[in-house]
Number of protein chains: 6
Amino acid sequence: MERIDKREYAELRPVRITRHYIKYPEGSVLIEMGDTKIICNATVEEKVPPFRKGTGEGWVTAEYSMLPRATEVRNSRDISRLKMNSRATEIQRLIGRSLRSVMDFSLLGEKSIILDCDVIQADGGTRTASITGAFVALADACHYLLEQGSIEKMPIKSFVSAISVGIVEGIPMLDLCYDEDSRAEVDMNIVMTDKGEYVEIQGTGEKAPFSSETFNQLIELGSIGIKQLIHNQKEVLGDLSKLIGG
Amino acid sequence: MERIDKREYAELRPVRITRHYIKYPEGSVLIEMGDTKIICNATVEEKVPPFRKGTGEGWVTAEYSMLPRATEVRNSRDISRLKMNSRATEIQRLIGRSLRSVMDFSLLGEKSIILDCDVIQADGGTRTASITGAFVALADACHYLLEQGSIEKMPIKSFVSAISVGIVEGIPMLDLCYDEDSRAEVDMNIVMTDKGEYVEIQGTGEKAPFSSETFNQLIELGSIGIKQLIHNQKEVLGDLSKLIGG
Amino acid sequence: MERIDKREYAELRPVRITRHYIKYPEGSVLIEMGDTKIICNATVEEKVPPFRKGTGEGWVTAEYSMLPRATEVRNSRDISRLKMNSRATEIQRLIGRSLRSVMDFSLLGEKSIILDCDVIQADGGTRTASITGAFVALADACHYLLEQGSIEKMPIKSFVSAISVGIVEGIPMLDLCYDEDSRAEVDMNIVMTDKGEYVEIQGTGEKAPFSSETFNQLIELGSIGIKQLIHNQKEVLGDLSKLIGG
Amino acid sequence: MERIDKREYAELRPVRITRHYIKYPEGSVLIEMGDTKIICNATVEEKVPPFRKGTGEGWVTAEYSMLPRATEVRNSRDISRLKMNSRATEIQRLIGRSLRSVMDFSLLGEKSIILDCDVIQADGGTRTASITGAFVALADACHYLLEQGSIEKMPIKSFVSAISVGIVEGIPMLDLCYDEDSRAEVDMNIVMTDKGEYVEIQGTGEKAPFSSETFNQLIELGSIGIKQLIHNQKEVLGDLSKLIGG
Amino acid sequence: MERIDKREYAELRPVRITRHYIKYPEGSVLIEMGDTKIICNATVEEKVPPFRKGTGEGWVTAEYSMLPRATEVRNSRDISRLKMNSRATEIQRLIGRSLRSVMDFSLLGEKSIILDCDVIQADGGTRTASITGAFVALADACHYLLEQGSIEKMPIKSFVSAISVGIVEGIPMLDLCYDEDSRAEVDMNIVMTDKGEYVEIQGTGEKAPFSSETFNQLIELGSIGIKQLIHNQKEVLGDLSKLIGG
Amino acid sequence: MERIDKREYAELRPVRITRHYIKYPEGSVLIEMGDTKIICNATVEEKVPPFRKGTGEGWVTAEYSMLPRATEVRNSRDISRLKMNSRATEIQRLIGRSLRSVMDFSLLGEKSIILDCDVIQADGGTRTASITGAFVALADACHYLLEQGSIEKMPIKSFVSAISVGIVEGIPMLDLCYDEDSRAEVDMNIVMTDKGEYVEIQGTGEKAPFSSETFNQLIELGSIGIKQLIHNQKEVLGDLSKLIGG
């Protein structure tokens with residue numbers, strides 16, 4: 001079976017990460033993975049949530065949203081329904097947890113960094129691309145604080161990237177596009193650091209339960225993708241990447 | 001290191017599943033796992049969401065909530081903040097996906113079953129206990145439809161249960177209570193069928209990333225718990241359990 | 001005419017009050033009156049509403065809600081409609097007023113006690129059972145403060161209980177179950193202290209206006225029920241009851 | 001003790017009911033009781049709530065609101081808090097029940113009449129004045145339907161009026177103004193028909209419980225006020241009043 | 001073509017401005033222009049929005065709303081839809097800007113004045129009548145502060161009034177009533193001071209674009225109306241008007 | 001006085017209009033005016049608002065929003081405040097009116113076209129750039145319908161563009177950037193067709209009222225900008241532009 005865009009099963013879609021995309025934020029990235037396009041903006045705020053007050057430690061949080069016409073069919077805006085989209089709620093919690101796992105919050109001090117991930121075009125893998133792109137925006141925002149003298153050392157301990165893998169018509173595939181994702185029997189999102197450790201693994205067999213062999217196969221496939229994505233992050237960050245995990 | 005309640009590392013807390021707990025619902029279960037207590041009510045409705053209309057197939061969905069004082073500190077109700085709790089949103093999506101994975105929706109026909117999981121006392125593992133308890137309520141609701149003659153065959157393909165596992169102070173443990181959960185470095189929720197297949201695996205290393213060895217250890221530990229929970233489900237369902245997956 | 005559950009016209013349903021039902025709250029009661037079952041949790045907070053600040057006096061407030069399937073037909077949750085149920089609004093105001101009427105707020109000091117009344121199974125009389133049960137939870141919460149040394153004297157001046165009465169097919173009846181309530185021509189809720197004084201009387205003749213004779217008959221009938229309920233409260237509170245109104 | 005406006009204890013404030021106040025509604029009344037001023041507009045709609053569909057019977061409902069500056073201190077609008085005022089919720093349910101009690105819904109047919117009671121100046125007794133004024137607007141709306149030929153007979157069985165009574169510094173008083181109301185130990189609202197029957201009685205002793213003697217005294221005092229108010233309603237409705245209860 | 005109410009094309013409807021309409025607000029006006037009737041209440045608050053804090057300057061803001069039955073067809077309340085009416089949002093922003101343009105905020109000091117414009121009967125031109133009426137209420141509120149000694153000088157620099165003009169069936173007309181407004185090809189709202197300067201001009205040709213000749217014609221026509229309205233404002237304010245712009 | 005970006009007073013910022021920006025919508029445009037960047041997506045829906053049903057005519061509506069970090073300071077999302085931003089409400093009403101003014105709705109038939117204008121970077125003039133960009137997306141969406149055979153003739157009667165003008169430090173200027181806009185004494189938005197007719201004129205002198213000479217000067221200046229923008233629209237639409245107003 002040939003993939004819809006003729007990729008190898010273990011091949012990522014073309015990845016492009018553009019830094020400094022929007023001029024105002026402390027970090028701003030446009031990440032493109034095939035036809036999936038997401039603006040990831042990092043905002044530094046000099047305040048922390050109540051449970052962090054007085055601890056000397058900071059916090060990282062994320063918000064995820066899609067433009068109404070990022071998809072084939074138009075979705076009405078959250079505000080017209082007065083309800084936060086429940087899929088987006090789940091996704092932004094995942095992005096937040098993933099980025100927090102690589103932060104040294106005592107180095108950040110009592111500041112918050114908000115990552116706004118706004119999908120302008122969706123073609124599968126938006127939650128994982130958000131993590132990969134937001135990491136770069138987060139690095140830029142931390143670097144901005146360092147340059148400003150607000151912090152003394154980069155508060156990021158590792159690189160982190162994310163990718164989706166899945167079983168489509170019985171075949172394990174890397175980086176599913178929307179068409180593949182909607183036909184997948186098993187769907188997995190993997191978040192991993194440059195040290196080869198997992199930050200988050202979410203595997204779902206809503207259409208059909210899966211065995212542990214399948215599971216291990218998918219994990220392996222995901223690692224291949226993650227390695228390349230972290231390579232991409234390092235390339236686009238250039239010298240700044242040397243300050244991470246130092 | 002001794003566990004707070006002196007359990008073995010691979011030991012579940014005492015499990016009690018009470019059927020027919022509330023008199024009105026088509027299925028109603030009180031599940032208790034240690035001090036965690038959840039009422040799981042199943043409601044049958046003769047309508048389906050728009051994307052199911054005209055397909056001849058049904059749907060299963062879940063809602064999850066906690067009484068304000070199910071926890072040490074009182075949480076204000078969703079309606080006073082006018083916002084659905086985001087953790088609850090994530091959880092109810094997980095419960096819904098888990099239960100749908102074992103349904104044969106063509107046997108159910110164009111009906112919906114709603115599983116209301118209301119936590120009256122929370123001591124860790126509420127999302128997994130909700131799945132385990134809601135499955136029994138779902139079985140009772142399907143059986144009610146069978147008895148009524150609205151369906152011809154039990155539309156449930158497998159048993160499904162869920163359990164949490166985690167690494168606490170370096171030690172893999174089964175079925176974390178709240179105190180353990182809040183100290184865990186790695187936290188995993190496993191949803192599995194009686195055929196030993198996975199429906200959902202969610203592993204999170206927010207405090208510290210984890211290796212694949214850790215991951216496999218936890219998966220294994222989880223399987224032990226799941227097997228016992230499915231045994232409990234079968235016991236409490238008695239003869240009815242023979243109609244499942246038949 | 002025989003009552004649906006064969007009770008005498010002036011007979012209460014079986015009453016059961018269980019203290020310490022949920023482990024976290026400062027006061028926690030399960031009250032059962034026939035098939036009506038309500039969890040009443042009391043939470044102490046070290047803050048008061050704006051209009052009490054600096055007065056040295058505390059406040060008592062109540063919240064009332066039903067689980068979606070506490071009734072024959074499932075009710076959607078407030079949060080899905082983004083609107084507080086208007087019947088619940090009316091009821092929680094009544095519960096709050098009733099409990100405040102027996103408090104000595106200067107003895108309580110600048111603290112708030114919130115009574116969460118969550119109906120898990122409804123079969124008529126939920127608002128009055130909430131008052132009767134919440135009173136016991138309130139007593140436990142005040143006793144907890146006394147034990148803790150936060151207050152010096154029990155701040156409760158009297159016992160208070162509530163009951164419904166009504167005219168069904170021309171006959172005055174005590175403690176209506178749902179079936180009777182839905183057929184009642186006149187419906188009255190009575191809140192009364194152990195000193196035989198009224199705190200609140202609400203009589204409604206939506207289906208048919210009523211005379212003052214009817215009214216007096218119902219009041220009398222209500223007193224019989226109240227007396228027994230206060231007896232029940234005293235019994236379940238044991239020695240603690242001696243501290244009330246002292 | 002002299003009353004603040006020098007009235008007798010059993011004396012109403014000056015009552016003025018102006019019909020046809022706003023030009024668009026099917027019934028429109030400005031009711032003034034002393035400084036309390038309320039616009040009561042009746043709107044006929046050719047639809048009924050779901051539970052009435054197909055029954056051949058209609059429905060009456062009410063909405064109650066205050067202009068932000070109807071009171072000494074400005075109240076923010078419901079929409080800025082996104083929450084319906086809970087006191088207003090309680091009041092509009094009372095107005096609805098009171099008016100429904102005198103309707104013959106089979107004569108109305110499957111129509112709804114909505115009574116909007118908007119308080120433009122509040123000086124105590126707004127809920128009872130709303131009922132008294134809304135009744136006249138309701139009568140006008142029904143008469144409009146009769147004139148139009150949409151119904152064949154006035155669907156109103158009785159006149160209904162409402163008044164507040166209370167104990168202020170130990171003295172029973174009729175028709176409390178805001179100053180008296182805020183000092184009252186016991187507060188009661190009475191809704192009564194021209195046949196001397198009660199539709200609703202709500203007595204509250206939040207500051208101090210009350211005896212049944214007090215209760216009966218207040219009821220008696222209320223009847224005096226109700227009689228005069230129904231006299232006012234009849235006077236302002238003129239010939240139309242002969243069609244009521246016919 | 002004769003106008004529906006036989007007015008000249010350049011003639012205003014009868015204008016009536018009643019001061020001290022509601023007893024509580026610091027300024028309260030009922031403005032009537034033909035059948036359009038609006039209550040404009042001014043409330044002084046001793047606080048300012050965040051962006052004014054510490055500047056020594058005050059702020060003026062407006063809220064606009066219509067009673068449900070101010071129009072031919074009943075509009076549901078904002079709170080039942082949980083959404084602020086979007087037309088009202090636009091209008092209250094216009095009223096606020098218009099009134100702020102004539103304020104000297106350093107003379108007001110750090111205070112806010114809120115103008116509540118509640119339409120009780122709508123027959124076209126409600127936004128412009130709100131401005132004209134609210135100006136008088138604002139003047140009264142400022143005068144109240146002056147009398148109280150809270151400010152030293154009237155903080156109002158000019159009179160401001162507003163009027164609608166439009167092209168109906170090709171003819172430029174002043175002060176459109178609802179019937180005319182709904183048939184207008186071009187619709188313009190003009191806000192002007194007593195010095196003949198414009199504060200706001202909004203011209204809309206939704207049905208048909210318009211030329212600059214049309215535009216100038218309408219502006220001219222508007223000035224005629226504004227002059228008369230400012231004359232009315234001066235008349236009703238009497239001596240107080242001498243303190244404005246002094 | 002030199003402009004911040006060295007432009008002439010009557011000079012537009014560099015304009016770039018990119019068609020087919022997002023792949024899913026029926027029309028999709030990225031418009032850039034200097035640093036202001038807006039995605040304008042047009043969606044065709046086969047349904048109309050209630051007031052259009054059965055008329056054979058269609059409708060055009062707009063939604064306007066900004067990404068949280070389109071500005072110097074981050075704005076929280078509407079959904080976190082549960083309130084539609086009031087400035088955005090005003091703007092999207094303006095965009096909708098402007099585009100509707102050039103539509104022939106009988107040629108469109110009973111269809112709706114929704115224009116989503118999402119500002120990804122804001123540097124002044126976002127409302128006018130939204131109109132100019134959305135017009136091109138609207139043309140593409142109509143052309144799509146024509147190609148599909150759903151309509152027989154382009155339903156657009158004229159080109160329409162919009163621009164801001166203002167008085168900054170006494171000098172009339174075209175196309176204000178954010179810095180100029182925030183210092184402007186008078187601010188005007190002009191919407192105009194290729195026939196030189198006005199669709200909408202909104203002039204505001206919140207900081208200082210303005211004379212009719214000022215007004216006419218600004219109108220003239222605006223016309224210069226509009227002409228160039230319509231030239232840009234024609235260029236980017238190429239042959240398609242010949243079908244407009246045909």
Side-chain angles (χ1 to χ4, degrees), chain E residues 51 60-61 63-64 73 78 82-94 96-103 105 157-160 185-216 218-220 222-223, chain F residues 51 60-61 63-64 73 78 82-94 96-103 105 157-160 185-216 218-220 222-223:
Chain E
F51 62 88
V60 164
T61 189
E63 298 196 5
Y64 168 97
V73 172
D78 285 354
L82 284 171
K83 290 200 183 164
M84 177 75 193
N85 183 291
S86 67
R87 177 181 162 275
T89 301
E90 191 182 77
I91 291 175
Q92 69 189 25
R93 284 170 61 84
L94 171 66
R97 283 197 308 270
S98 299
L99 297 176
R100 284 193 294 273
S101 74
V102 296
M103 290 295 293
F105 285 120
K157 296 181 289 185
S158 313
F159 281 77
V160 69
E185 296 105 54
V186 180
D187 177 22
M188 188 168 300
N189 292 297
I190 298 171
V191 188
M192 227 174 147
T193 70
D194 57 334
K195 281 139 194 161
E197 289 178 314
Y198 301 104
V199 163
E200 185 100 20
I201 295 178
Q202 294 196 346
T204 302
E206 186 172 333
K207 286 193 201 145
F210 52 92
S211 66
S212 61
E213 291 71 49
T214 299
F215 192 79
N216 286 325
L218 289 174
I219 292 267
E220 198 117 326
S223 312
Chain F
F51 61 89
V60 163
T61 189
E63 299 195 4
Y64 168 99
V73 171
D78 284 356
L82 284 172
K83 290 202 185 164
M84 177 76 192
N85 181 290
S86 69
R87 179 183 161 274
T89 301
E90 191 181 78
I91 292 175
Q92 67 190 24
R93 284 171 60 87
L94 170 65
R97 283 197 307 268
S98 299
L99 296 176
R100 284 194 293 272
S101 74
V102 295
M103 290 296 292
F105 285 121
K157 296 180 289 185
S158 313
F159 281 78
V160 70
E185 296 105 52
V186 181
D187 177 22
M188 188 168 300
N189 293 296
I190 299 171
V191 188
M192 227 175 149
T193 69
D194 56 335
K195 280 139 195 162
E197 289 178 315
Y198 301 105
V199 163
E200 185 100 20
I201 294 177
Q202 294 197 345
T204 302
E206 186 172 334
K207 287 194 200 141
F210 52 92
S211 67
S212 62
E213 290 72 47
T214 298
F215 191 79
N216 287 325
L218 288 174
I219 292 265
E220 199 117 328
S223 312

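In what follows, every chain begins at residue 1, and chains take the letters A, B, ... in the order their sequences are listed.
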Check whether Asn216(E) gets within reach of chain F through its side chain, its backbone, both or neither, counting any heavy atom under 4.5 Å.
-> side chain
Taking Ser98(F), Ser86(F), Ser211(F), Ser101(F) one by one, which has the highest count of heavy-atom pairs under 4.5 Å against chain E?
-> Ser86(F)
Give me the ring orientation class for Phe215(E) and Phe215(F): parallel if the planes are under 30° apart, tilted from 30 to 60°, perpendicular past 60°.
-> parallel
Between chain F and each of Met192(E), Gln202(E), Met103(E), count heavy-atom pairs under 4.5 Å; write down the option with the most.
-> Gln202(E)
Whatever's closer than 4.5 Å to a heavy atom in chain E on Asn189(F) counts as neither
Decide side chain to side chain contact (heavy atoms under 4.5 Å, CB included) for Arg97(E) and Thr204(F); before the verdict, give the C-alpha distance in whole Å, the side-chain angles of both, and the deciding distance to 0.1 Å.
-> CA-CA 8 Å; Arg97(E) 283 197 308 270; Thr204(F) 302; 3.8 Å; yes
Is there a side-chain contact between Pro209(E) and Lys195(F), using heavy atoms and a 4.5 Å cut-off?
-> no
When rounded to the nearest 0.5 angstrom, what is the spacing between CD1 in Ile201(F) and CE in Met188(E)?
-> 6.0 Å
Show your working on side chain to side chain contact (heavy atoms under 4.5 Å, CB included) between Leu82(F) and Leu82(E) and close with a plain yes or no.
-> CA-CA 9 Å; Leu82(F) 284 172; Leu82(E) 284 171; over 6 Å; no
Tell me, with the steps shown, if Thr89(F) and Glu90(E) meet side chain to side chain contact (heavy atoms under 4.5 Å, CB included).
-> CA-CA 7 Å; Thr89(F) 301; Glu90(E) 191 182 77; 5.9 Å; no
Which bit of Ser212(F) is near chain E, if near means a heavy-atom gap under 4.5 Å: side chain, backbone, both or neither?
-> both
Of the backbone (N, CA, C, O) and the side chain (C-beta and beyond), which part of Thr193(F) lies under 4.5 Å from a heavy atom of chain E, both, or neither?
-> side chain
Greatest number of non-hydrogen atom pairs under 4.5 angstrom with chain E, of Ala208(F), Ser158(F), Gly96(F), Gly205(F), falls to Gly205(F)
State, with a plain yes or no, whether a side-chain heavy atom of Lys83(E) is found less than 4.5 Å away from one of Lys83(F).
-> no
